[in-house]
Amino acid sequence: MAAALTAAAEGGGLGKRAACSACTSALLVLAAAAAFGQFQVSAVDVITVTEYFVQNGTDLLLSCTFVSSEAISAATSVTWSFKQLGSTTHAVTLFYYTDGKSYPGNEPQFKDRITWVGDFNKKDASIKITRMTPADNGTYFCDVKNPPDIVVQPGQIEVRVLEKEAETTTAVDPELTTVTSASTMAAENMARSKAVLYSLLPFLLKFCCVVASFFLF
């Protein structure tokens with residue numbers, strides 16, 4: 001009889017461990033799907049508008065926001081870089097910001113023209129560039145790091161500077177502006193949803209193991 005009870009207890013323990021192990025495997029599969037599949041969760045999600053048109057001689061606000069599961073700290077940073085239209089070389093660093101301090105790049109083209117307008121506490125890494133010229137046509141990259149979240153796909157913004165003469169013939173389509181704003185908002189909401197899912201996985205794992213152990217007790 002004692003041997004039977006012992007065997008049953010051992011079997012129950014094995015059952016609990018097996019159930020918990022199965023639950024853990026299922027959640028790990030979910031995490032993998034979130035990381036590499038449909039949800040495609042990354043450590044830091046950077047959100048930018050894909051394209052800007054700006055008139056020659058005016059200022060440009062390059063908007064860049066981000067979502068991260070980690071708290072903002074003194075180590076949070078953003079690097080802005082630029083690749084000129086038609087260039088075959090690597091992008092050059094324009095601006096670096098961390099711990100409340102700005103560090104402009106060495107490009108003479110942008111000297112004294114870049115201003116920090118973001119706020120890391122609001123997950124905002126935006127900058128402003130004054131007196132845009134046709135030489136500023138190209139791709140701008142926003143790369144945010146929020147340790148230990150350092151894996152990120154930088155945001156890319158295509159910028160085209162228009163001559164002022166185009167002002168009389170070029171009109172802004174309100175519907176296009178509305179669609180762009182809606183698309184940006186949808187991207188922000190999706191990034192936040194992914195971050196929430198990623199942060200809840202450890203708690204779901206513990207809950208699943210507790211429930212499995214309760215029913216097999």
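These values consider heavy atoms only, across backbone and side chains, with no hydrogens, waters or symmetry-generated copies.
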State, with a plain yes or no, whether a side-chain heavy atom of Val152 is found less than 4.5 Å away from one of Asp143. yes
Would the distance check show the side chain of Glu70 and the main-chain N or O of Pro147 forming a donor-acceptor pair, the cut-off being under 3.5 Å? no
Under a 4.5 Å cut-off applied to non-hydrogen side-chain atoms, are Ile157 and Trp80 in contact? yes
Give a yes or no on this: more than 12 heavy atoms of other residues, nucleotides or ligands lie within 6.0 Å of atom CG of Asp99. yes
To the closest 0.5 Å, what do you measure between CD (Glu158) and OH (Tyr140)? 10.5 Å
For Arg160 and Leu85, run side-chain contact (heavy atoms from CB on, under 4.5 Å): C-alpha distance rounded to whole Å, both residues' side-chain angles, the deciding distance at 0.1 Å, then the answer. CA-CA 9 Å; Arg160 298 295 179 264; Leu85 182 65; 3.6 Å; yes
Does NZ belonging to Lys128 count more than 12 external heavy atoms closer than 6.0 Å? no
State yes or no: do Tyr96 and Val144 share one hydrophobic cluster built from I, L, V, M, F, W and Y residues joined by side-chain heavy-atom distances below 4.5 Å, directly or via other members? no
side-chain contact (heavy atoms from CB on, under 4.5 Å) evaluation trace for Phe120 with Val78: CA-CA 9 Å; Phe120 279 157; Val78 60; 3.9 Å; yes
For the residue pair Phe95 and Tyr97, does the interplanar ring angle fall in the parallel (under 30°), tilted (30 to 60°) or perpendicular (over 60°) class? parallel
At what distance, to the nearest 0.5 angstrom, does OG of Ser81 lie from CD of Glu107? 11.0 Å
Smallest heavy-atom separation, Val46 atom then Gly155 atom, equals CG1-N, 3.6 Å
Looking at NZ of Lys123 and CD1 of Ile72, how far apart are the two atoms once the value is rounded to the nearest 0.5 Å? 5.0 Å
If you measure from CG on Leu94 to SG on Cys142, what distance do you get to the nearest 0.5 Å? 11.5 Å
Arg113 side-chain N/O to Ile129 backbone N/O, donor-acceptor pair under 3.5 Å: no
Roughly how far, to the nearest 0.5 Å, is CE of Met132 from CG of Asn56? 9.0 Å
Might you point out which heavy atoms bring Gln109 and Ala135 nearest each other, and give the distance in Å? NE2-O, 3.0 Å
Specify the closest pair of heavy atoms between Trp116 and Ser126, including all atoms of both residues, with the distance to one decimal. CE3-O, 3.6 Å
State, to 0.1 Å, how close Tyr52 and Leu60 come at their nearest heavy-atom pair, and which atoms those are. CG-CD1, 4.0 Å
Shortest non-hydrogen contact from Phe82 to Asp136? CE1-O, 3.5 Å
Roughly how far, to the nearest 0.5 Å, is CD1 of Ile47 from CZ of Phe66? 9.5 Å
Shortest non-hydrogen contact from Ser73 to Asn146? N-OD1, 4.2 Å
Going by heavy atoms in the side chains, are Thr98 and Tyr103 under 4.5 Å from each other? yes
Are Phe110 and Val161 linked, directly or through intermediate hydrophobic residues, by side-chain heavy-atom contacts shorter than 4.5 Å (ILVMFWY only)? yes
Quick check: does any side chain N or O of Asp59 sit under 3.5 Å from a backbone N or O of Arg131, one acting as donor and the other as acceptor? yes
